[in-house]
Amino acid sequence: MSAFLEKNRAVLLAYDQGLEHGPTDFNERNFDPEFIMRLAVEGKFNGIIFQKGLAEKYYDGRVPLILKVNGRTNLSKGEPVARQNCTVKHAAELGAKAVGYTIYPGSAYENIMLEEFGRIQEEAHRLNMAAIAWVYPRGEVIKNDLTPEIIAYAARVGLEAGADAVKIKYPGNVDAFKWAVKCAGKAKVFMSGGPKTQTEAEFLKQVRGALDAGATGLAVGRNVWQSSDPLQMARALRALVIDDRSLEQAVRV
Ligand code: FBP
């Protein structure tokens, strides 16, 4: 993960929502991958997350790349599964320093994703790349994916599956996230952004909480590029994550 770390922390910019959610997340400005690429550079993000289609056409090498090698649309219904759609070799050719892969523990298809991630992780390590697992418990049996137990389980799944870093959701309080970070062991923990919060202060408070719980950083999309001032949001996030500032200081940068 060293390619992404600054003072042992990282703010990663996620932009695979066009596949995961569709253009409903976008406006006249952030629909454009070139806008996002510029934002990643100007906002001094430590990494950018693209699917292969965007990386092939828009990635310009100025920010370390995490290539997402699986994904799904939200048009399909039933038990969630996201299969590999890009080889690790192609990710390396595109300049990626890490691959990203989503596992949905609890899904009837979890075994497929665990098996696939295991193979991808081994290939990534052979090519000197990190393997980052997005671990989102989901499916018919998961009634609430934000309980402390479920979030801690997600963190542990990442560690057990061999992830160098695991991306999990914030369960709403510092203590619950602390336990999840402990359960992740030597796998670094990144907080997932989630839908845009009502106020930016609310989001920054979650980020501060995740860091206080021991997170390495965050991988965030909508709360940055849906902001009315994405660069200002990027500055506030860097103040919190990289410079370890307080909430009060971060809102004033
Ligand atoms: P956001 O910060 O926009 O939530 O992005 C994080 C992320 O993990 C993306 O990489 C991915 O597209 C999205 O969330 C998936 O969200 P979900 O599966 O919860 O709809």
Side-chain angles (χ1 to χ4, degrees), residues 4 10-27 30-31 33 35-36 39-40 43 45-55 65-83 85-86 96 98-107 109-110 113 117 131-139 142 144-146 150-151 154-155 157-158 163 165-172 189-198 200 202-207 210 215-227 230 233-234 236-237 240-241:
F4 304 98
V11 189
L12 309 174
L13 186 62
Y15 193 65
D16 59 338
Q17 292 80 353
L19 175 68
E20 298 284 333
H21 306 147
T24 178
D25 277 354
F26 299 152
N27 61 27
N30 62 33
F31 80 94
F35 169 78
I36 300 293
L39 172 62
F45 282 86
N46 303 101
I48 186 161
I49 299 156
F50 277 152
Q51 280 277 343
K52 75 178 223 175
L54 297 194
L65 173 66
I66 296 156
L67 201 87
K68 194 75 204 309
V69 295
N70 75 338
R72 67 190 286 258
T73 73
N74 69 7
L75 300 171
S76 66
K77 298 295 166 218
E79 288 294 286
V81 60
R83 298 297 304 261
N85 56 15
C86 175
V99 288
Y101 185 97
T102 304
I103 302 168
Y104 299 115
S107 161
Y109 304 111
E110 65 171 23
M113 292 170 280
F117 179 73
I132 306 177
W134 277 224
V135 188
Y136 295 161
R138 204 165 284 182
I142 306 289
N144 178 356
D145 64 349
L146 289 180
I150 289 288
I151 298 291
V157 167
V166 57
K167 180 161 167 336
I168 53 176
K169 302 206 173 192
Y170 188 66
V189 173
F190 285 83
M191 183 189 107
S192 186
K196 190 160 178 296
T197 49
Q198 279 207 323
E200 300 199 331
E202 200 182 319
F203 179 62
L204 295 175
K205 192 166 166 231
Q206 288 177 16
V207 174
T216 293
L218 66 153
V220 58
R222 288 166 287 178
N223 275 286
V224 173
W225 42 256
Q226 287 180 351
S227 162
M233 177 53 100
L237 291 177
L240 285 174
V241 179

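In each ligand, atom 1 is the first atom listed, and ligand 1 is the first ligand listed.
For ligand 1, the atoms lying closer than 4.0 Å to a non-hydrogen atom of Ser192 are 6 (C), 8 (O). Those atoms of ligand 1 that come under 4.0 Å of a heavy atom in Ala14, given as number and element, are 10 (O). Listed by atom number, the atoms of ligand 1 under 4.0 Å from Gly193 heavy atoms are 2 (O), 4 (O).
Checking Ser227 against Glu200 by side-chain atom types alone, a donor-acceptor pair falls below 3.5 Å. Judged by distance alone, the side chains of Thr102 and Lys68 do bring a donor and an acceptor atom under 3.5 Å apart.
Lys169 NZ, 2.7 Å is the protein heavy atom nearest to atom 19 (O) of ligand 1. The closest protein non-hydrogen atom to atom 17 (P) of ligand 1 is His21 NE2, 3.6 Å. Here the heavy atom of the protein found nearest to atom 6 (C) of ligand 1 is Lys167 NZ, 3.1 Å. The protein heavy atom nearest to atom 5 (O) of ligand 1 is Gln17 NE2, 2.9 Å. In terms of protein heavy atoms, atom 14 (O) of ligand 1 is closest to Tyr136 OH, 3.9 Å. Nearest to atom 2 (O) of ligand 1 among the protein's heavy atoms is Gly221 N, 2.8 Å.
For a threshold of 3.5 Å applied to N or O pairs, the pair formed by Trp225 and ligand 1 contains no separation below that value. Between Gly194 and ligand 1, at least one pair of N/O atoms sits closer than 3.5 Å.
In this structure, Asp16 counts as a contact residue of ligand 1, since one of its heavy atoms falls inside 4.0 Å of the ligand. Every heavy atom of Asn223 sits 4.0 Å or more from the atoms of ligand 1. The closest approach between Lys68 and ligand 1 stays at or above 4.0 Å for every heavy atom of the residue.
Here the rule is side chain to side chain contact (heavy atoms under 4.5 Å, CB included) with Pro137, and of Leu146, Asn144, Ile103, Ile150 only Ile150 fits it.
Closest non-hydrogen pair, Ile151 versus Asp145, comes out as CD1-O, 3.3 Å.
With hydrogens and angles disregarded, no donor-acceptor distance shorter than 3.5 Å links the side chain of Asn46 to the backbone of Leu12. For the pair Ser107 (side chain) and Pro80 (backbone), a donor-acceptor distance under 3.5 Å is present.
Using bins of under 30°, 30° to 60° and over 60° for the plane-to-plane angle, the ring pair Tyr104/Tyr136 lands in the tilted bin.
Phe117 is linked by a ring pair (Phe, Tyr, Trp, His ring centres under 6.0 Å) to Tyr101, counting only residues two or more places apart in sequence or in another chain.
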Could you please spell out the steps behind the side-chain hydrogen bond (donor to acceptor under 3.5 Å, both in side chains) verdict for Lys169 and Ser192?
CA-CA 5 Å; Lys169 302 206 173 192; Ser192 186; 5.4 Å; no
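Closest heavy-atom approach to atom 18 (O) of ligand 1 among the candidates Arg72, Glu20, Arg222, Arg138: Arg138.
Between Phe203 and Tyr170, a ring centre-to-centre spacing not shorter than 6.0 Å is recorded.
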